[in-house]
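The first residue of the sequence shown is numbered 1, and numbering continues consecutively from there.
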Amino acid sequence: QVLDGAGLDVDFHLLSPKGETLVFDERKSDGVHTVETEDGDYMFCFDNTFSTISEKVIFFELILDNMGEDAQDEEDWKKYVTGTDLLDMKLEDILESINSVKARLSKSVQIQTLLRAFEARDRNIQESNFDRVNFWSMVNLGVMVVVSAVQVYMLKSLFEDKRKSRT
């Protein structure tokens with residue numbers, strides 16, 4: 001997501017380990033992409049070469065799901081448990097509840113981070129609009145002062161007595 005910069009757009013490329021282009025977005029302000037992965041190094045690039053004058057501030061988040069380590073971690077605790085099947089069943093229920101809470105908390109963190117990025121982009125747009133409004137207000141004020149000075153001068157010239165009086 002582009003947070004700040006002229007046009008709020010950027011190019012995005014995602015290449016697979018084989019060098020194939022998986023995703024190519026041209027001049028987008030935001031995007032969400034889901035990709036089935038394979039082993040290897042992926043390359044992603046945010047490209048701003050079409051707008052060399054202005055710099056951009058971007059936010060991105062890389063979320064890796066199903067890394068395969070969770071299944072091993074879930075089974076590790078079982079080797080330390082001794083006791084009856086009833087105790088084992090209760091521990092599994094507790095573990096399931098803890099994992100559910102952990103998953104929900106991680107989703108909440110992701111959503112809050114995304115909302116912070118939206119807020120930052122909106123704040124940057126508002127500050128830009130505020131500066132623009134202030135600039136044009138000052139220009140308008142300057143024009144009004146000049147016009148009022150010209151009007152005063154013109155009114156004074158109407159009431160001036162241009163006849164020369166001889167004494």
Side-chain angles (χ1 to χ4, degrees), residues 1-67 69-70 97-167:
Q1 178 180 17
V2 181
L3 300 179
D4 191 20
L8 295 177
D9 56 352
V10 72
D11 292 346
F12 174 73
H13 306 270
L14 177 64
L15 297 176
S16 71
K18 296 177 183 175
E20 300 169 348
T21 299
L22 298 176
V23 176
F24 177 67
D25 284 341
E26 218 171 353
R27 294 189 176 195
K28 299 277 182 160
S29 63
D30 57 9
V32 175
H33 304 287
T34 303
V35 177
E36 292 292 326
T37 60
E38 58 191 45
D39 288 338
D41 294 331
Y42 286 78
M43 183 180 80
F44 59 92
C45 175
F46 298 98
D47 186 13
N48 190 35
T49 55
F50 62 87
S51 177
T52 56
I53 296 173
S54 64
E55 62 182 29
K56 308 278 172 70
V57 177
I58 61 169
F59 165 80
F60 72 95
E61 183 177 19
L62 183 63
I63 301 171
L64 304 173
D65 289 337
N66 303 328
M67 289 297 292
E69 297 174 1
D70 294 335
S97 297
I98 290 172
N99 286 336
S100 172
V101 169
K102 179 183 172 184
R104 289 180 182 156
L105 281 175
S106 66
K107 286 288 186 187
S108 295
V109 167
Q110 290 172 358
I111 290 171
Q112 287 177 347
T113 304
L114 189 62
L115 290 176
R116 266 188 251 123
F118 283 137
E119 186 269 333
R121 182 187 65 184
D122 292 344
R123 185 180 61 245
N124 288 332
I125 290 171
Q126 286 176 342
E127 287 174 0
S128 173
N129 288 343
F130 177 74
D131 292 339
R132 196 175 304 149
V133 166
N134 281 341
F135 171 76
W136 286 110
S137 295
M138 288 298 144
V139 168
N140 199 3
L141 180 65
V143 169
M144 286 174 41
V145 167
V146 168
V147 167
S148 64
V150 168
Q151 285 179 345
V152 167
Y153 174 75
M154 295 296 284
L155 273 175
K156 275 187 175 183
S157 70
L158 285 176
F159 293 106
E160 268 183 14
D161 190 16
K162 296 183 181 178
R163 293 180 284 157
K164 292 188 179 184
S165 61
R166 294 185 184 180
T167 56

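In this structure, L14 and V35 have side chains that are in contact, with non-hydrogen atoms separated by less than 4.5 Å. No side-chain heavy atom of V133 sits under 4.5 Å from any side-chain heavy atom of F130. Taking the side chain as every heavy atom from C-beta outward, D11 and F46 never approach each other to under 4.5 Å. A heavy-atom distance below 4.5 Å is found between the side chains of R121 and F118. A heavy-atom distance below 4.5 Å is not found between the side chains of C45 and F12. Residues M154 and V150 have side chains in contact (heavy-atom distance under 4.5 Å, counting atoms from C-beta outward). At least one side-chain heavy atom of E38 sits under 4.5 Å from a side-chain heavy atom of K18.
Taking CG from L155 and CD from E160, the interatomic distance works out to 11.5 Å, rounded to the nearest 0.5 Å. Note that the CG atom of L22 and the CG atom of L15 stand 7.0 Å from one another [nearest 0.5 Å]. Within the model, atoms CD of Q126 and OG of S128 stand 10.5 Å from one another, a figure rounded to the nearest 0.5 Å. Taking OG from S108 and CG from L115, the interatomic distance works out to 10.5 Å, rounded to the nearest 0.5 Å. Here the NZ atom belonging to K102 is positioned 14.5 Å from the OG atom belonging to S97, to the nearest 0.5 angstrom. With rounding to the nearest 0.5 angstrom, the CG atom of D47 is 4.5 Å from the NE2 atom of H13.
In this structure, N140 contributes its side chain and W136 its backbone to no donor-acceptor pair below 3.5 Å. Although no hydrogens or angles enter the test, the distance criterion places a donor-acceptor pair under 3.5 Å between the side chain of T113 and the main chain of V109.
Residues passing the side chain to side chain donor-acceptor pair (under 3.5 Å) test with R27, sequence neighbours excluded: none.
Between R123 and E119 there is a salt bridge, since a side-chain N of the basic residue sits under 4.0 Å from a carboxylate O of the acidic one. A salt bridge links K56 to D9: at least one charged side-chain nitrogen sits closer than 4.0 Å to a carboxylate oxygen.
Aromatic ring centres of F60 and F44 lie closer together than 6.0 Å.
Nearest heavy atoms, Y42 versus E36: OH-O, 4.1 Å.
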* **Working for side-chain contact (heavy atoms from CB on, under 4.5 Å), residues Q151 and V147** => CA-CA 6 Å; Q151 285 179 345; V147 167; 4.0 Å; yes

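Other residues, nucleotides and ligands contribute more than 12 heavy atoms inside 6.0 Å of the CG atom of N129.
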